[in-house]
Structures are given as structure tokens and as C-alpha cells.
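Heads up, the thing below is written out as C-alpha cells.
Model, not experiment: these values are computed from the prediction. Both ligands and their constituent atoms are indexed starting at 1 by order of listing.
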Amino acid sequence: MKKTLVIVDVQNDFSSEGALAVPDGESVVPVINQIMPFFDFVIATQDWHPEAHASFASTQECQPGDVIDLGGFQQVMWPDHCVQGTKGAEFIKGLNTDKINHIIRKGTDIEIDSYSGFYDNNKKKSTGLAEFLASPDLHELYIVGLATDYCVRYTALDAVASGFKTYVIQDACRGVNQQPGDDEKAFYEMSKAGCLLILSGDLPLNQV
Ligand code: VGL
Ligand code: ZN
């Protein structure tokens, strides 16, 4: 069984200074760098939207934080973020990208958002991650990154639903927390769905 790290959306726009600021977002970087040597394989996702993406409030002429129906999904409206090829879409400085074996870009369809690293929000299209991982018997997944209450949560829920043994490393995740406690709620939901919540210190790093 390969131990596979899935780094979710550690991108400038999700840092504390970013367009879609995740408080303290950049603080996951040193934790992730420290645990990388423990893994056989490292995958990173990038939120990678075209301009005028359907999840942008500016596109729908409404306010960030509003919720609209998008093809049956209750879609939160976000500030413009992670536009393909922009500085905001780059990995946060300091993340050790040398150790990344494979990158998955998501949210590339202008009409539909994709919180999960596996499927779009309507579960219609795969990002290619499930096919890339081929079989849940080959990989166990360790999920980290941004944001706990959105992309980490949906990625982890799709991972367990796809049959992967799925760990979520809590101290290597941060939430948007539009409502205080959204991150805690998300951890609870992931745990109830079968994800195993651990801390980076639980990994036997000294055995690497
Ligand atoms: C995310 C909101 C919109 C995330 C991405 O990475 O958690 N959240 N796009
Ligand atoms: Zn996005």
C-alpha cells in the first residue's frame, strides 16, 4: 500500500493575504514540508478557474457569500480567485514543490465549480484523480491543505466514498470559517463519513 499525500489547494489566493483569504492559511506550509518525506507519493491539487468562472460573485452580479443554485448545487459565491496562470493560483511560496509527483487542476470548467479533487460539484465529471490512483487497494490517502470547510472536506469525503483508506491531518489544514466553527463541523462530518483524523505528530516520521 502506497502512502499518498494529497495537498489540497495550497495557493496564494488562499493565504491570509489572498483574494479568498483563509486565516492563517500559509501556516500549513512548514507542516506539509516536514511530513513530505514520510510519503511514497505526493499529489497536489490546484484550484484553476478560467476568468468569469460561474463561482465568482462578479460573474453572477451578486455579493461574495451569497448562495445561488448552480445546476442543482447550492453554490457559494466567491471573490475572483485562482484564475489560471495568475500569481494567486501559484503554490504558496515555501511549499516544497520538488517532492510533488503529480498535479491535478480543478474548477477548470467555466460553468461548474469543483471543490473536490476528485469530482465537480455536480459529480458529473472526474478531474482524473480517481483514474490516476487506479485502485483504492494501492493507495492510502493523507489529506492536507486549504480549506478545511470546502476543498479539503469535499476531497476527503469523495476519497472515502471511493473506497480509499483516508486520513486527514488536522494541523496541516485551515478553514475559511465564514461562520466560526465551520472547520470543526467539517472535521466532524469527515470523521463520521469514515475519515481518520490525525495530527502530523502521529506520523512515525523518525522511522523514515
Ligand atoms: C476553495 C472556495 C472556492 C478551497 C476553492 O480550496 O477550499 N474554496 N474555491
Ligand atoms: Zn475556487
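- In summary, C82 places no N/O/S atom under 2.8 Å from the Zn ion (ligand 2), failing the contact criterion.
- Sorting the N, O or S atoms of D47 by how far they are from the Zn ion (ligand 2) puts OD2 first.
- Atoms CD and CG, from Q11 and D47 in turn, are 5.5 Å apart once rounded to the nearest 0.5 Å.
- Residues L197 and S191 come closest through the heavy atom pair CD1-CB, 3.8 Å.
- Residue contact check: H81 has heavy atoms under 4.0 Å from atoms 3 (C), 9 (N) of ligand 1.
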**Report entry** salt bridge (Lys or Arg N to Asp or Glu O under 4.0 Å) between R174 and D183, worked out
**Finding:** CA-CA 7 Å; R174 289 293 183 282; D183 54 351; over 6 Å; no
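- Vertex the Zn ion (ligand 2); arms to H49 atom NE2 and H81 atom NE2; angle 90° (nearest 10°).
- Among the atoms of H53, no N, O or S atom falls under 2.8 Å of the Zn ion (ligand 2).
- With a cut-off of 2.8 Å, the Zn ion (ligand 2) has no N, O or S atom of D113 in range.
- Distances below 4.0 Å separate heavy atoms of D9 from the following atoms of ligand 1: 4 (C), 6 (O).
- Among the atoms of D47, some N or O lies under 3.5 angstrom from an N or O of ligand 1.
- For the 3.5 Å distance criterion, the side chains of Q75 and N121 qualify, holding a donor opposite an acceptor.
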